[in-house]
Amino acid sequence: MSGGEYMKANRNSAYYQNLTQRVIDSSESDTWESAALEWEIFDCEEDGTLEASCICGKQNLRYLFTIRNSVNENMLYPIGSSCIKKFERADLNETASVREQLFKLLHAIENNSFLTLSSEFFSRKLLKHLHEIGAFKPTQYNFYKPEADYQFMLNMFNKRSRTLKQEKKATAIILNSIKPFLQKLLQNKVRRSQ
């Protein structure tokens, strides 16, 4: 089945029909193509119990997104990652991916994983998002300019090899800035399985 055939078949599913109807009902526009442009990701939680269901009806969601209509301020919750992709918007897909990466990084921190500045835990988009939401703190080591730590981390992420001193600095930023920031940011956003 080609990509176009898959999307067409996918659009005939009950899940897709439920999603589009709920979105259109909460939008100003009365067509899916226009209504899909009115929405933005507002929040995300993680459900380790996998007990939540999407507004489309799909069950066992891990990531529960709240989307907000930028025109009328309506909210829809929970929306799963698969349904975010059905909006066919690169900006929503990118935001959803970064939000999921935040949770994965938090779990690596909680599990005392050996964190390095690698693609296993980070991406350029994640680093940018962390900078935008204030994860890099002003300290004496960055001369009270968090931008310097963000730029350092970005530069190091792009390098193929780093000196031991650079590795130590990157680890220090992860442990002293990013780790406590993420723990505080996501402390009430994770439902744990028993």
Point to revise | Sub-4.5 Å side-chain heavy-atom contact between N158 and R124 | key: yes
Practice item. In sequence, state the C-alpha distance, the side-chain angles, and the governing distance for W39 and S26, and then conclude on side chain to side chain donor-acceptor pair (under 3.5 Å). Key: CA-CA 10 Å; W39 295 86; S26 297; over 6 Å; no
Check your understanding: Any idea how W32 and Y16 line up, ring-wise: parallel (<30°), tilted (30 to 60°), or perpendicular (>60°)?
Key -> perpendicular
Practice item. Please determine which of L92, L76, I55 meets the side-chain contact (heavy atoms from CB on, under 4.5 Å) test together with I67. Key: L76
Check your understanding: Would you find a donor on one side and an acceptor on the other, under 3.5 Å apart, between the side chain of N74 and the backbone of S27?
Key -> no
Point to revise | Shortest non-hydrogen contact between M153 and I174, atoms and distance | key: CE-CG1, 3.7 Å
Review point. From E40 CD over to R89 CZ, what is the distance, rounded to the nearest 0.5 angstrom?
Key: 8.0 Å
Check your understanding: Just how far is it from atom SG of C44 to atom CD1 of I79, taken to the nearest 0.5 Å?
Key -> 11.5 Å
Check your understanding: Any link between Y77 and I24 through a network of hydrophobic side chains (Ile, Leu, Val, Met, Phe, Trp, Tyr) touching at under 4.5 Å?
Key -> no
Check your understanding: Is the shortest heavy-atom distance from the side chain of T171 to the side chain of F114 under 4.5 Å?
Key -> no
Practice item. Would you indicate whether the side-chain heavy atoms of M75 and F42 approach each other to under 4.5 Å? Key: yes
Review point. Can you name the nearest heavy-atom pair linking E28 to E38, along with the distance?
Key: N-OE1, 2.9 Å
Review point. Does the side chain of S81 pick up a donor-acceptor pair with the side chain of E100 at under 3.5 Å?
Key: yes
Review point. If two hydrophobic side chains count as joined below 4.5 Å and joins carry through other members, does V23 share a cluster with L37?
Key: no
Check your understanding: Can you name the salt bridge (charged side-chain N to carboxylate O under 4.0 Å, His left out) partners of E45, sequence neighbours left out?
Key -> R191
Review point. What distance do F65 atom CZ and T95 atom OG1 have between them, rounded to the nearest 0.5 Å?
Key: 9.0 Å
Check your understanding: With no hydrogens and no angle check, is any side-chain donor or acceptor of T139 less than 3.5 Å from a backbone partner on Y141?
Key -> yes
Check your understanding: For the residue pair C56 and C83, what are the closest heavy atoms and their distance?
Key -> SG-SG, 3.6 Å
**Study point:** Residue pairs involving residues 173-189 (criterion side chain to side chain donor-acceptor pair (under 3.5 Å); sequence neighbours excluded)
**Key:** D43-K189
Point to revise | Stepwise side-chain contact (heavy atoms from CB on, under 4.5 Å) test for F122 and I178 | key: CA-CA 11 Å; F122 293 93; I178 296 172; 4.1 Å; yes
Point to revise | Any residue meeting ring pair (Phe, Tyr, Trp, His ring centres under 6.0 Å) with H129, in chain and number order, not counting sequence neighbours | key: none
Check your understanding: Are M156 and F121 grouped together when hydrophobic residues (ILVMFWY) are joined by side-chain heavy atoms under 4.5 angstrom apart?
Key -> yes
**Study point:** Shortest non-hydrogen contact between F157 and S119, atoms and distance
**Key:** CE1-N, 3.9 Å
Practice item. Mind checking the CZ-CD1 spacing from F87 to I41? Nearest 0.5 Å is all I need. Key: 9.0 Å
Review point. Any side-chain heavy atom of L115 within less than 4.5 Å of one from L105?
Key: yes
Point to revise | Test item: K137 and P180 side chains (from C-beta on) under 4.5 Å apart, heavy atoms | key: yes
Study note, to complete from the structure: Exactly one of L61, L64, N60, V190 clears side-chain contact (heavy atoms from CB on, under 4.5 Å) with D47, and that residue is L64
Exercise for review: Please check if I133 and Y63 belong to a single hydrophobic cluster, counting links between Ile, Leu, Val, Met, Phe, Trp and Tyr side chain heavy atoms closer than 4.5 Å.
Suggested key: yes
Exercise for review: With the side chain counted from C-beta on, respond yes when E132 and K128 share a heavy-atom pair under 4.5 Å apart, and no when they do not.
Suggested key: yes
Practice item. Work out which heavy atom in R62 is nearest to a heavy atom in G48; give both atom names and the distance. Key: NH1-CA, 3.9 Å
Review point. Rounded to the nearest 0.5 Å, how far apart are NZ of K104 and OG of S113?
Key: 14.0 Å
**Study point:** Residue K58 excluded, over 12 heavy atoms near NZ under 6.0 Å
**Key:** no
Exercise for review: Output the distance between atom CD1 (I84) and atom NZ (K86), rounded to the nearest 0.5 Å.
Suggested key: 11.0 Å
